[in-house]
Participant: 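Starting off with a structure, shown below.
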Amino acid sequence: MGVRWKCDLDKPVLVNNFRRRGWIEVTDTIEEADGWDLWWANVQNIKALFGDNLTRLQPHQRVNHFPNHYELTRKDLLVKNIKRYQVQAKREGGNPDDFDIIPTTFVLPQDYMLFAEEFRRCSFQQQQQQQQQHSGGGGCGTTWIMKPSSRSQGKGIFLINRLSQIKQWSVSSLPPALRNGSDNYVVSRYIENPLLIGGKKFDMRMYVVVTSFKPLKVYMSHLGFCRFCNVKYSSEVGELRNEFMHLTNVAIQQHGEDYNEQHGNKWPLELMRLYLEATRGGEAADRLFTDIEDVILKSLRACQNIIVNDRHCFELYGYDIIIDEQLKPWLIEVNASPSLTTTTQADRLLKHRVISDTLNIITPPDWLALTDPAGLPPDMRDVDPAEYPFRERVGSMRLICDESEDYQRFRAARQAKEALAAAAAAAASGANTAGGAALRGSRERCDTRGYPDRDDGMVGCWGGRDGEGGVGSRMMPTETSRRPPRQQSATAAAAGAARAYHHAGSAMSAVGDWGRSSLGVVYDR
Amino acid sequence: DEEEAEFEELCEQVASSPLLLDVVVSEEVGRLAGDCQDFFLFEESIRAMLLALLRDTRVASRLAAPPLTALHAASAVQAVPVPPPRPLGACRTATTTGAAGADSGGGGGDVMAANGGGGGSSSSTVRQTAAATSHWSLSYYPPSGVLPYRGLSLLAAPLCYLYDNPASSYRLFRAMYCRYWCKLHSLSTSPPPTCPALPGLLRVFEEIMQALDPLLLRHLQRLGLLPGALVAPWMCSGFAGALPVQEVLLLWDRIIGLDSLLPLPLLAAAVLCFRRPVLLSCGSPREVMAALGDISQLGAVPLMQAVLFPG
């Protein structure tokens with residue numbers, strides 16, 4: 001016996017993950033309904049699987065999509081669900097601005113009249129602003145982006161700034177047969193002032209694993225990346241047609257002149273976070289990532305009651321998010337089948353890890369005995385069955401929501417235990433054992449960038465903001481220049497260096513952040 | 001904004017009077033920054049910063065250590081090495097041929113004649129005397145007196161993470177170059193307490209290695225390697241490009257905090273000691289280079305702490 005897997009996608013990052021776990025590949029020739037344990041299916045097969053009322057999945061079987069995932073992943077249905085969620089929230093007394101997670105969007109052709117009204121209103125508002133600021137601006141309307149509801153890779157997307165450009169989508173001009181067609185367009189207010197880095201527009205790809213919608217259970221990976229445009233951004237009207245400036249999809253950017261295979265115009269999230277922390281401050285960066293988590297959870301809650309919560313299902317979503325100049329995240333879309341093609345080596349490593357973490361989340365405990373331990377991370381080889389369902393960290397994935405009662409009980413019990421332990425520790429004599437252990441530990445931890453656990457994840461875990469100056473100091477959870485030098489085993493030279501190092505701590509605080517004041521100190525020698 | 005105006009002016013000079021050195025710089029920036037995931041977004045900014053540094057005539061007088069080579073623009077097409085300083089008080093006559101002048105080579109008329117060797121503290125007196133006795137002053141080539149040594153773009157690149165406009169990054173880059181990085185391109189041997197330049201740093205590195213791990217040192221030497229040569233590329237780029245950006249910034253924090261480049265040889269020694277098991281098992285120089293090829297998973301601060309606070 002073993003874990004039998006079926007996979008519809010011929011992608012190394014998937015297949016290698018299955019193989020290194022020692023799981024057994026099942027080919028398509030086996031047609032029995034229970035000839036497999038895990039099926040990484042494409043959406044067509046999922047539709048067939050759940051569309052066929054005769055199929056009954058065994059309790060242990062797992063598939064990688066929810067039956068009606070399209071409520072979240074089709075652009076028009078997502079809009080519908082979010083709008084309904086906004087209305088409901090307002091009715092319950094919530095602040096509608098809190099649910100402002102997607103740009104104003106309409107579905108065409110159904111909502112054409114509503115859209116036309118909003119278009120004219122926005123354009124009028126913009127004209128008034130321009131007149132007040134005397135900034136001219138030739139009588140064009142605001143910019144909107146047209147996207148087909150259910151296509152990908154940037155196909156069929158274009159920008160408009162005049163109603164005349166989409167007159168053919170008004171209901172009256174369409175033949176009746178097409179008026180309620182399933183392949184419609186969504187038109188969204190274009191984010192004209194995106195956050196730019198190096199002058200270029202980018203969007204973020206975040207990976208989110210949902211194992212249950214009701215109660216909601218969600219993991220988010222700290223691994224993700226930013227996809228940059230090849231070309232510097234300009235909001236000028238003449239450039240609206242320039243795909244390379246406005247559309248960040250890799251499939252489009254790959255054909256640009258300046259596409260570079262070495263880095264694929266991609267940045268890991270950690271570099272973007274470093275840049276934000278340095279240029280906007282640590283609090284702003286923290287707030288942004290909290291807001292992003294918030295946007296993701298709200299989008300899932302909007303569909304919570306609609307998605308069929310089949311217990312055999314889990315899903316790995318690729319969330320596309322754009323950040324504007326004010327550091328507000330906007331949800332652009334959710335992908336049920338995020339691309340597993342890899343463009344660079346870094347890309348391949350990242351996607352491999354994301355899949356591995358996903359598999360580790362959904363693996364039922366009784367599969368562990370059938371899994372090659374070499375294919376599992378150390379903390380999964382020897383697992384406590386009581387704690388297994390409540391793991392808060394699985395590799396790069398962090399639990400960001402678990403509404404189940406079991407989990408609430410587990411957390412309450414753990415908090416009680418921690419309170420008892422803290423009381424006991426306070427009572428005991430506080431020797432410096434913690435500090436010594438940390439120092440000894442630091443040598444072993446050197447190879448993992450000095451963080452106690454490299455997979456700590458970036459979101460919310462960049463502690464160590466101990467008030468010191470210097471951008472770099474903020475990054476480092478475990479280090480502090482306030483650590484007292486260990487005099488007893490140091491040579492005279494080391495002790496002298498240690499003393500200097502200790503003084504440097506205060507010197508560094510004096511240097512402050514990398515602003516003008518420190519330049520004065522440094523430059524005028 | 002003063003900073004921006006200064007930088008704008010330098011960029012205009014770059015555009016209006018190009019130098020052949022600009023091509024050299026562009027090639028390096030394209031290769032080291034443009035192809036690298038950490039810095040590709042800032043390729044243009046880095047190039048602008050470097051080209052501005054070549055033009056900035058305020059730099060020459062503020063360098064903390066005299067450069068390895070300084071060139072004078074002897075004519076529109078000829079650069080000659082700056083002659084060594086005459087003894088103080090001696091009369092100097094102009095030594096150039098052809099149409100020397102402040103407007104050859106790059107723009108900028110501000111000039112200091114000859115600085116040659118000598119420590120930082122005595123250079124000002126030499127300058128004053130030389131200026132008083134020379135008939136006309138020669139401009140440096142390039143105008144700032146800074147030659148674009150290999151790795152210069154890496155010394156600028158991490159600073160682009162700190163500001164969203166190149167003018168501010170440039171100001172910081174210029175300041176750091178004048179105070180610290182120029183010592184990496186200098187062979188001056190000023191005594192303590194001034195922070196050592198490259199020769200001193202290499203010596204500190206070798207001393208630390210000798211104190212920490214003489215066995216490893218001997219092993220490397222037996223393989224025919226100069227340990228100093230192994231780590232010099234890291235040190236001369238401030239570990240940028242070798243370590244991840246956040247580690248580099250942490251390291252540079254300490255360089256500024258200690259007001260010294262000594263963290264560089266310290267970290268270099270720490271890396272070698274940390275990789276000791278692998279290095280001891282290497283049987284050839286090629287294997288050693290491969291073993292040290294990728295240090296991108298290492299943490300700068302824990303390594304330095306491990307060396308400073310053993311146990």
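Within every chain, numbering begins at 1; the chains are lettered A, B, ... in the order of the sequence lines, protein sequences first and strands thereafter. Since the structure is predicted, the reported quantities are computational estimates derived from the model, not experimental observations.
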Participant: Can you see which heavy atom on B:Tyr161 is nearest to which on A:Ala278, and at what distance?
Facilitator: O-CB, 3.1 Å
Participant: Over 60° means perpendicular and under 30° means parallel, so tell me whether B:Phe40 and A:Trp267 are parallel, tilted or perpendicular.
Facilitator: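 Rings of B:Phe40 and A:Trp267: perpendicular, over 60°.
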Participant: Would you say B:Arg203 has more than 12 foreign heavy atoms packed within less than 6.0 Å of its CZ?
Facilitator: no
Participant: Determine whether A:Glu270 and B:Pro244 make a side-chain contact, defined as any pair of heavy atoms from C-beta on separated by less than 4.5 Å.
Facilitator: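 They are not in contact (no side-chain heavy atoms under 4.5 Å apart), so the answer is no.
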Participant: Given heavy-atom pairs under 4.5 angstrom as the criterion, report whether the side chain, backbone, both or neither of A:Tyr275 touches chain B.
Facilitator: both
Participant: Show the nearest heavy-atom pair for residues B:Asp164 and A:Thr279, with the distance to one decimal.
Facilitator: N-CG2, 3.7 Å
Participant: Tell me, for B:Asn165 versus chain A, whether the close heavy atoms (under 4.5 Å) come from the side chain, the backbone, both or neither.
Facilitator: neither
Participant: Are the side chain of A:His263 and the backbone of B:Gly34 linked by a donor-acceptor contact shorter than 3.5 Å?
Facilitator: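 Checked: pair present.
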Participant: For B:Glu44, does the CD atom sit with more than 12 other heavy atoms under 6.0 Å from it, leaving out its own atoms?
Facilitator: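 Result for CD/B:Glu44: open.
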Participant: So, applying side chain to side chain contact (heavy atoms under 4.5 Å, CB included) with B:Leu41, which one of A:Ile197, A:Leu196, A:Asn265 is it?
Facilitator: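 One option only clears the test, and that one is A:Ile197.
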Participant: Let me know if A:Lys266 has heavy atoms under 4.5 Å from chain B in its side chain, its backbone, both or neither.
Facilitator: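 For A:Lys266, the backbone is the part near chain B, not the side chain.
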